[in-house]
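The figures here come from the full heavy-atom set of this structure, side chains too, leaving out hydrogens, waters and symmetry mates. Just so it is clear, the model here is predicted, and its values are computed rather than measured. Reminder, nothing fancy here: chain letters follow the sequence lines and each chain counts from 1.
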Amino acid sequence: MMKSAADTCLDLFDAHAMRAGLFARASQEKNKINGDFSHLSLEDRTRFDALVALRLPHSAALGDQLRWSAMAAELGSPASEIDPDRPIIEEYLPRESIQEPNEKLHLRDLLDISPALTEAAGAIVDDSFTRCFKSNPPEPWNWNIYLFPLWCLGVVIRYGILFPVRVAILTIGWIVFWSAFLPVHFLMTGHDKLKHKIERKLVEMMCSVFVASWTGVVKYHGPRPSMRPQQVFVANHTSMIDFIILEQMTAFAVIMQKHPGWVVCLTSFDCDLGFIQKTILESVGCIWFNRTEAKDREIVARKIREHVHGVDNNPLLIFPEGTCVNNHYTVMFKKGAFELGCAVCPVAIKYNKIFVDAFWNSRKQSFTMHLVQLMTSWAVVCDVWYLEPQFLKPGESPIEFAERVRDIISVRAGLKKVPWDGYLKYSRPSPKHTERKQQIFAESVLRRLEEK
Amino acid sequence: MGNTSSMLTQYDIEEVQEHCNHAFSQQEIVSLYQRFCQLDRNGGGFISADEFMSVPEFAVNPLSQRLLRMLDGLNFKEFVAFLSAFSSRTSLQQKIEFIFKVYDSDCNGKVTFDDVLGVLRDLTGSFMSEQQREKSLTHVLKEAGYTKDSMLDLNDFVKNSYYGSVPISYGHKYFCWTREFGCPFVGFM
């Protein structure tokens, strides 16, 4: 848990290398990889990793098989250990179709419902969906007599010194911001262009103050977003602070979704601060909508389109997951952002959990508490990658396009993909999935019945 | 950030182990307890049908409604007892008993033609017609020496499993690994 992102990435890399190298009877490959990657940067390693996977396409399947037996040896390992390379369960859940397809059907085949039962029990014990939204408590490291005083000292510094200083910074930031923003907003009515520019800068400044208030150590990779029409930015979503971190560099306009009882994006923030937040965010061109109202959806779709085509608007940022995920996984991307017919610029955000878990578990924590947690930690460390713009390929549906962009982001940020829709937190999965399983089973029964 | 497992004492764990015939190790019970707390969202000490259905991978299972009858409102002890059928330490006989219980909807120790048909209906949905289902079921029952009116009991189930007849080596042993849970779930038969 206390590993840095680089280490985690290394582990991942090693695991991949092991699978690709060792299991594919190509240990010399592995030696070569292990031998000379020390000088590579984080990015290079991941890219290299992708290369290995490309080069040995057959090894993955074999590796997976062997991984099963490898995991048998892991039985004794403590359950709390988080291994980023553990498989996502659905890859391992037995399917009805596993049954030997060309055997004659016997009574025992019909009576044997064990695959479905095992699958159900597997889901009860652990499932990839719940894992997406699990916050990972920090691993205690104050367990021995040498570390404990250090830890205590840390607590005193964090709560006694850092926190008040940060609150002070934030307060000063707000005062400066308002004393500049209000006159500009209400008095500069004539010069719209200049007014927008100043407001934009002020919002960027305020976001920098926020980032400073958690000692945000943010590394931006790739070219900064430019202001031009016909492009939309999509990013993976971990917490409200994603927005602040991105906004610090470029004033984005965001889409915010309102939902009765719960709030996905900025809205709870908005509820806390009410009017204030609204004025600011409207000044950068944010769009609100209510998911439950179909009419609202249409209006927003139109607004988004207008915004994207406007020449002088701030670039539009969308979090297509629609909900905060714990930065280990990505859930399904909503297709809205991918139907606009313009360039989609992926942004990958990866938090380093060394000091604090940046995941905002909105069910357990209010946003204020989340901020306090961030402000009492040593630092928030994260990497942001601005990736190459993607376009809809001929013959590609928006859903496939969304998946492709999700792939790009997941690979870059080292996230695992799960097939679930993030909104399943609040609703049931569609019966389509069940029907698919029924179809597989029914077809197998019918086929085997014909084998006389 | 309290550790949920600390709420289980050694006595509790042993009691639960006793209750599930030592199908799980102590470490596994602690993991299961953490999962139980995770599923028990409102902290009532039991998991309602609704909470089970909030796990999408469970909700999409064709047998989920049938299993919910056994699962609804389980407390931790019962939860572990339910899952013990899936443990590798549980005998095949017990696993078959569990399957039998899934079939035996009225719990009278007999499985009728309609019971089996009901499960088959869950499993195939709209992809087989009622006639097709009845025909195939009648066919396999006849082949195994039963008629449509036969009442199957547990012994019939044992006889008609791969356990009872010649063991077949191919893919009827499923291992499914879980992250939380460091142990293999050996599927049935």
Heavy-atom closest contact (B/Q38 atom, A/K134 atom, distance): NE2-CD, 3.3 Å

Region of B/S136 in contact with chain A, defined by heavy-atom distances below 4.5 Å: both

How many angstroms lie between atom CE of B/M128 and atom CG of A/L446, to the nearest 0.5 angstrom? 4.5 Å

How close do A/K437 and B/P62 get, heavy atom to heavy atom, and via which atoms? CD-CD, 3.9 Å

With side chains defined as the heavy atoms from C-beta onward, is the minimum distance between B/L67 and A/L117 less than 4.5 Å? yes

Using non-hydrogen atoms and a 4.5 Å limit, figure out which bit of B/A59 sits close to chain A: side chain, backbone, both or neither. both

With a 4.5 Å cut-off on side-chain heavy atoms, are B/F82 and A/I124 touching? yes

Please state whether the side chain, the backbone, both or neither of B/F52 comes within less than 4.5 Å of a heavy atom of chain A. side chain

For a quick test of reading the model, state the closest non-hydrogen atom pair linking B/N61 to A/A116 and the distance between them. ND2-O, 2.9 Å

Could you look at B/Y103 and say if it's the side chain, the backbone, both or neither that has a heavy atom under 4.5 Å from chain A? side chain

Please determine, among A/V445, A/T130, A/D421, the option with the most heavy-atom pairs under 4.5 Å with chain B. A/T130

Salt-bridge criterion met for A/D127 and B/R35 (N-O under 4.0 Å): yes

Please report the shortest heavy-atom distance between A/T434 and B/V60, naming the atom on each side. OG1-O, 3.1 Å

Which atoms of B/V119 come close to chain A, meaning under 4.5 Å heavy atom to heavy atom: side chain ones, backbone ones, both, or neither? side chain

Could you tell me which portion of B/D156 (side chain, backbone, both or neither) has an atom closer than 4.5 angstrom to a non-hydrogen atom of chain A? neither

Side chain, backbone, both or neither: which part of B/R41 has an atom under 4.5 Å from a heavy atom of chain A? side chain

Taking all heavy atoms of B/E57 and all of A/S128, pick out the closest pair and write down the distance. OE2-OG, 2.6 Å

Using a 6.0 Å cut-off, check whether atom CD1 of A/I399 has over 12 heavy atoms from anything other than its own residue. no

Heavy-atom check, side chain of A/I440 versus side chain of B/F127, under 4.5 Å: no

First locate atom OG of A/S114, then atom CZ of B/F98, and finally report the distance between them rounded to the nearest 0.5 Å. 11.0 Å

Looking at every non-hydrogen atom in both residues, tell me the closest pair between B/L120 and A/F441 and how far apart they are. CD1-CE2, 3.9 Å

Heavy-atom proximity to chain A below 4.5 Å, by part of B/F36: neither

Derivation of the side chain to side chain contact (heavy atoms under 4.5 Å, CB included) call for B/L123 and A/Q438: CA-CA 5 Å; B/L123 283 173; A/Q438 289 174 332; 5.9 Å; no

Tell me if the CE atom of B/M151 is crowded by more than 12 foreign heavy atoms within 6.0 Å. no

What part of B/L71 gets within 4.5 angstrom of chain A, counting heavy atoms only: side chain, backbone, both, or neither? side chain

